[in-house]
Every structure is written in C-alpha cells, then in structure tokens.
Amino acid sequence: MKSIIRILSVLPMLLLVMCKKKDAVLPEGTLTAKDYVYNNAIKKFQPEETVSGNLSTNIQLKTIYYYLQRQGKTDTLLQVDFPADAPTGYDFSLKAASWSGVSLIGAKGIKVLAVQDNNTYLEKIVAIRYFDPAAPVISEVPETITPQLTGLTAITGKLSSPTGISKVNIYDNATGNFELVGSVEGNNAKDLTLNYQYEYNDGAGQLKIEVVDIYQLKAEKVVQFVNIPFKPVITFASAVLKVALPDSKPAVKGTIKSFTALTTVNAYIVKASGNTLYQAITPVLENSEPNEFNYSFEVNGFPFADDVTGVRIEASDATGTTAGSNPTQILPFWYWKNVTMMAQGNTTTTSPSCFFIGEPGRPTISPCDANADPSLHAKIEIAIFCNSTPLLAFQNPSAISSGTLTTFKCNGGNWDPPLPNATTLTKTTYRVLSGAAETAVRTKLDAMNFDDLATATFFAGVQAPTASAPNSSTFAANSLIYANTTPPGGSTAKNILLKVINVNVVGLPNQSTSTITMDILREK
C-alpha cells in the first residue's frame, strides 16, 4: 500500500518534468556579420572600423556577452549588452572603448554569447584576423655618393613592399633640415627599381629616400654626400625629449657632421615668441678625414619652462657656412618622479608637502608656504588628507569643507585660506584606473610611447574622473590614478596621471603624518 502511495505521489512530478521537457525550446539562431581583419599598420578594423552584426534567435535576448578569442590565451570579455524589451533580433556593435588596452595579436574571433533569464543560451562567432604587414625594404642604395653640382645625378636602388608601394619621396638637407625635393609614384607595385634624377641644391650634405606603402608604413635611407662642400649636418640624439623632467633635466645631445672644421655652435631656447640664444657649445671632435669632420655635442642644464617648446642648434664651419636645425621638441607635459606628499600634519608636525601646485621646480608646498603667500591658494591642485579611520585620501580643493581646511596646520596654527568654492580654489576630480583602461595607460607609460596627456589620445576610452576624494581603500602601491584639474574661473583644464609608488598610513593618533609617494605627470 505504501509503495502504491509513493508511486502516486511521484507520478505528477514525472508528468510535470515530461511536459516541461516536451515544451522546452532549444535555442536556435543566426548571426550575420562580415569577416573582419584588424590591420595593425593603420590600427583599424577592415572592411569596416566598427565590428558589428545582427543576431536573430528563437529565444528572448536578455544579456549578450562579447569575448575576444586569441590563440594561446583565455577568452577576454570586451562588452556586455542588455537589449531593451528582450527582443529576438538585435543589431550589435563593439564600442571603441571596449578595445582599449586589448592586444589583438593572435585574434581569431569574437564569441557572441546570448543568454536568456532561464540560462538558456546561444553562442555564435564573428571571424577576426590579425594582420601586421611588414614595412617596405630599401636595398642597393649606396651609403655615400658624390653628386653633380650642376646637372642631374641618378639616385638608384631596389625598393619592395609586401603590400604595395604608394609613393617614394626624395629629400635633401640644403636648408639644414630634410625638405622634400621630389616624388615618384609607386602605383602600388610590390617591387620597384628606383632611378630618380636628382638636381643638387647648394649646401646639401645628405639625401633621404622615403618609401611609403599603401598603409602609410615607411622605410627611410639616408645617403651621405662626399667630396663636395656641404652645410653642417645637425642630428639630435632624440628628435623628441619624451622625459622633460623639471627636477632632473635631460641633456640635449646630438652629432654634427661638417665639410670643414666647426668654428661656432650655439644652442637656442625656442618659444612661440621666437628663439633666444641660450649658450655657446664646445663640440667634441670624434673623428675626421679629408672633407668630413664628425662631432658630438651636449647641452647641459637646459632651462625648461612652461613656455619653452624646443631646443635649436646652429653651427658654422671654417668656410663661414652656417646651418640651423629644426628644434628638438619638448613634449607638453611635466614628469616628476618619487614625489612624497604628507597629509595635513598636526599641532606638533607641520607637513612639508600636503599641497601639489605643479610648478616645475616646486611641485609641492606646505601649509606655511600657503599662509605666507595667499596667491598660491588658487594654484593648489591636489591636497592630501588622512582621516581618523585612518584612510589617506586625495582631496578636491574646491570641495574641501572649511572644517577640514582648518586641520592643515602651520606650526600648530590653522591654515587660513579663502572659503572653498570653484571661484577661489581649483576643482580636481579623480578616477582610480582598473581593468582594460589601466592596462592601456600603463602600457603607454611603461614604454613612454606617447606625445601628450590629452583626453582624446593618451586617455582615449577612459571614463572621465568624477571622484572628489578617493582614499587608500581604493588605491595602493602601483595604482594608476587619472585626475583632471580646472583652475578657478573655469579656464583650461589639465590632465594629471599619478602612479602610486608607496602608501604609508600612520596609525592613530598620528594619522595626519601619513605619506604617499608618487610619480606625477601633468600637462603644461
């Protein structure tokens, strides 16, 4: 009897399961999308810049995940969509920000995973291929040549490109810098025999061949002229000074090649208003032979400043021939390393560095500095404060309460600033970076592979800073923090990147002597 009762009690459940199984909908669908190629030469997808497509299914779409698949690596989540109204058809596209900091080497596809609330899912693939074309190759071009001073000189060589040659440009340095003197159409040929008829320009000492492929990849070859008088040839060791540290100024170095011995070499400060002589340089003769002298030069202690954009070198030889260089470029940001800032201090310890003002020779100041010079108040871009938790925090000067401001002590007394507001103190907001955004920024920083700190380039794809006071519960050693600062009156905002080196939070009751050490990059 008990067995019969058990069977009767289980029967409805079995029937229910059987009915559910019978009514279950197996997910089916189609994905319509092009096959994409990521062209590393132009840093874009082809045939369209945006990876997109259409997903049509027999299940209602609640959530869609997009994973990048690469050879030898685990799948990487790029984006998550939440289609409105749970449709069964959806046009999708991958946002530009989704690719930020993501390497596409070895890419083979995008896995599109469509999920319904009951965990029914459908998986489809968008094909992606990584393409990294090789640069053009220049061969059979002589290292030196003696050009005809009148008439034409044949410049010959073999040029090749696996993708096709778009153009060949010919430059000489008759003005002291390489300037275009002629071009040859490549007509997308993969192999090209160069036979350019060059007409000599007085004073030229070198000729440059530049081969450009269909993706604007380039190869260059410099040919030295010999056995003719030429203007001094000035070459900087680096055309761009990527680490213009205000507190550890890089030397400006380079070489000079001349037909006769040099007599004078001068360095100039370059500003928007014009060039100013900085100092005479004594070049070092490295070697010489008939009609060729090779020198090195170095400019020490060059006076970097906010309005200085570059360095220019001018050289004269024994014949009285003078040549000037194009300025080497100083990038539009400052870079301080290992800057230690202390929190607000207390009645017995005055902080030497609780405020960041970003001046080249004086990046931080103390409350006593601010007390002594009220004009500094509007220059304060970052304040460091430690609360009683204790947590050390960055502060937005224009949002600090009056009560908090009084805790910044000068020899035990209160700092007495104007009331904090956007018209008197600087507004600074912060974002502690994470995920793909951090990876992209860190890669650029580690390689110093950038020319500015602009929002559209260096911080491309990174959300704008919005926090007023991120604290040490959200950052630690090696964290990257993106800050944006707007001076009183709403003038031009500047970007700041903070790389945290060390955080030392002191326990109660001396938490206000806590310190943080950082590398700081700030737009000029």
Short question: side chain of Ser472, backbone of Leu392 - any donor-acceptor pair under 3.5 Å?
-> yes

Identify which one of Thr428, Thr486, Asn484, Asn396 satisfies the side chain to side chain contact (heavy atoms under 4.5 Å, CB included) criterion when paired with Glu381.
-> Thr428

d(Lys62 NZ, Phe82 CZ) to nearest 0.5 Å is 12.0 Å

Applying side-chain hydrogen bond (donor to acceptor under 3.5 Å, both in side chains) to Asp213 and not counting sequence neighbours gives Thr163

With side chain to side chain contact (heavy atoms under 4.5 Å, CB included) as the test, would you mind laying out the steps for Ile496 and Glu523 before giving the verdict?
-> CA-CA 7 Å; Ile496 298 175; Glu523 285 187 294; over 6 Å; no

Quick one: does Asn504's side chain get under 4.5 Å of Ser514's, heavy atoms only?
-> no

Residues which pass side-chain hydrogen bond (donor to acceptor under 3.5 Å, both in side chains) with Thr340, listed by chain and number, not counting sequence neighbours = Thr517

Does some side-chain heavy atom of Asn478 sit less than 4.5 Å from a side-chain heavy atom of Lys499?
-> yes

What one should report as the nearest heavy-atom pair of Glu220 and Lys208 is OE2-NZ, 3.7 Å

Return yes if some donor-acceptor pair links the side-chain N/O of Lys524 with the main-chain N/O of Trp334 below 3.5 Å, else return no.
-> no

Any residue meeting salt bridge (charged side-chain N to carboxylate O under 4.0 Å, His left out) with Lys44, in chain and number order, not counting sequence neighbours = Glu49

Under the side chain to side chain contact (heavy atoms under 4.5 Å, CB included) criterion, do Ile269 and Phe302 qualify, and how do the steps go?
-> CA-CA 8 Å; Ile269 300 168; Phe302 190 81; 3.7 Å; yes

Tightest non-hydrogen contact, residues Leu425 and Ser398, listed as O-CB, 3.6 Å

Work out which heavy atom in Ser351 is nearest to a heavy atom in Ser366; give both atom names and the distance.
-> O-CB, 3.0 Å

Closest non-hydrogen atom pair, Ile380 against Pro397 | O-CG, 3.4 Å

Side-chain (Arg70) to main-chain (Ser103) donor-acceptor, under 3.5 angstrom | yes

Would you find more than 12 non-hydrogen atoms of other residues, nucleotides or ligands less than 6.0 Å from Gln463 atom CD?
-> no

Those residues that, when tested against Phe475, pass ring-ring contact (aromatic ring centres under 6.0 Å, His included) (two or more places apart) | Phe394

Interatomic distance, Lys444 atom NZ to Thr439 atom OG1 [nearest 0.5 angstrom] | 11.5 Å

Just how far is it from atom CD1 of Ile501 to atom CG of Asn338, taken to the nearest 0.5 Å?
-> 6.0 Å

CZ (Arg522) and CD1 (Ile382) are apart, to the nearest 0.5 Å, by 9.5 Å

Of all the heavy-atom pairs spanning Ile281 and Asn266, show the shortest one and how long it is.
-> CD1-C, 4.4 Å

Any residue meeting side-chain contact (heavy atoms from CB on, under 4.5 Å) with Glu314, in chain and number order, not counting sequence neighbours | Tyr268, Arg312, Thr322

Heavy atoms, side chains only, cut-off 4.5 Å: are Tyr335 and Leu453 in contact?
-> no

Just do the side chain to side chain contact (heavy atoms under 4.5 Å, CB included) check on Ser56 and Thr32 with the steps written out, would you?
-> CA-CA 8 Å; Ser56 178; Thr32 304; over 6 Å; no

Evaluate the side-chain proximity of His377 to Thr424: yes if any heavy-atom separation is below 4.5 Å, no if none is.
-> no

side-chain contact (heavy atoms from CB on, under 4.5 Å) filter on Asp91, not counting sequence neighbours, yields Asn54

Interatomic distance, OG1@Thr349 vs CD@Gln344, rounded to 0.5 Å, equals 11.0 Å

Heavy atoms, side chains only, cut-off 4.5 Å: are Ile110 and Leu68 in contact?
-> yes

Residue pairs meeting ring pair (Phe, Tyr, Trp, His ring centres under 6.0 Å), one or both in residues 30-55, sequence neighbours left out, come to Tyr38-Phe45, Phe45-Trp99

Which heavy-atom pair separates Pro232 from Ala315 by the least distance, and what is that distance?
-> CG-O, 3.8 Å

Donor-acceptor contact below 3.5 Å, side chain Thr350 vs main chain Asn411 = yes

Are Pro367 and Lys409 side-chain neighbours, meaning at least one heavy-atom pair lies under 4.5 Å?
-> no

Could you list the residues that satisfy salt bridge (charged side-chain N to carboxylate O under 4.0 Å, His left out) with Arg362, not counting sequence neighbours?
-> Glu359

Excluding sequence neighbours, so at least two apart, what forms side-chain hydrogen bond (donor to acceptor under 3.5 Å, both in side chains) with Ser98?
-> Gln79

What do the steps show when you test Tyr278 against Val308 for side chain to side chain contact (heavy atoms under 4.5 Å, CB included), and what is the final call?
-> CA-CA 12 Å; Tyr278 169 58; Val308 175; over 6 Å; no

Tell me, please, which residues at least two apart from Phe458 pass ring-ring contact (aromatic ring centres under 6.0 Å, His included).
-> Phe450

Does some side-chain heavy atom of Val126 sit less than 4.5 Å from a side-chain heavy atom of Phe92?
-> yes

Can you pull the disulfide (SG to SG under 2.5 Å) pairs that have at least one residue in residues 435-485, sequence neighbours excluded?
-> none

Would you say the side-chain atoms of Thr429 pair up with the backbone N or O of Pro465, donor to acceptor, closer than 3.5 Å?
-> yes

Roughly how far, to the nearest 0.5 Å, is the OG atom of Ser512 from the CG atom of Asn387?
-> 11.0 Å

Phe408 meets the ring-ring contact (aromatic ring centres under 6.0 Å, His included) criterion, sequence neighbours left out, with Phe355

Under a 4.5 Å cut-off applied to non-hydrogen side-chain atoms, are Asp81 and Tyr90 in contact?
-> yes

With a cut-off of 6.0 Å (strictly less than), are more than 12 heavy atoms of other residues, nucleotides or ligands near NZ of Lys253?
-> no

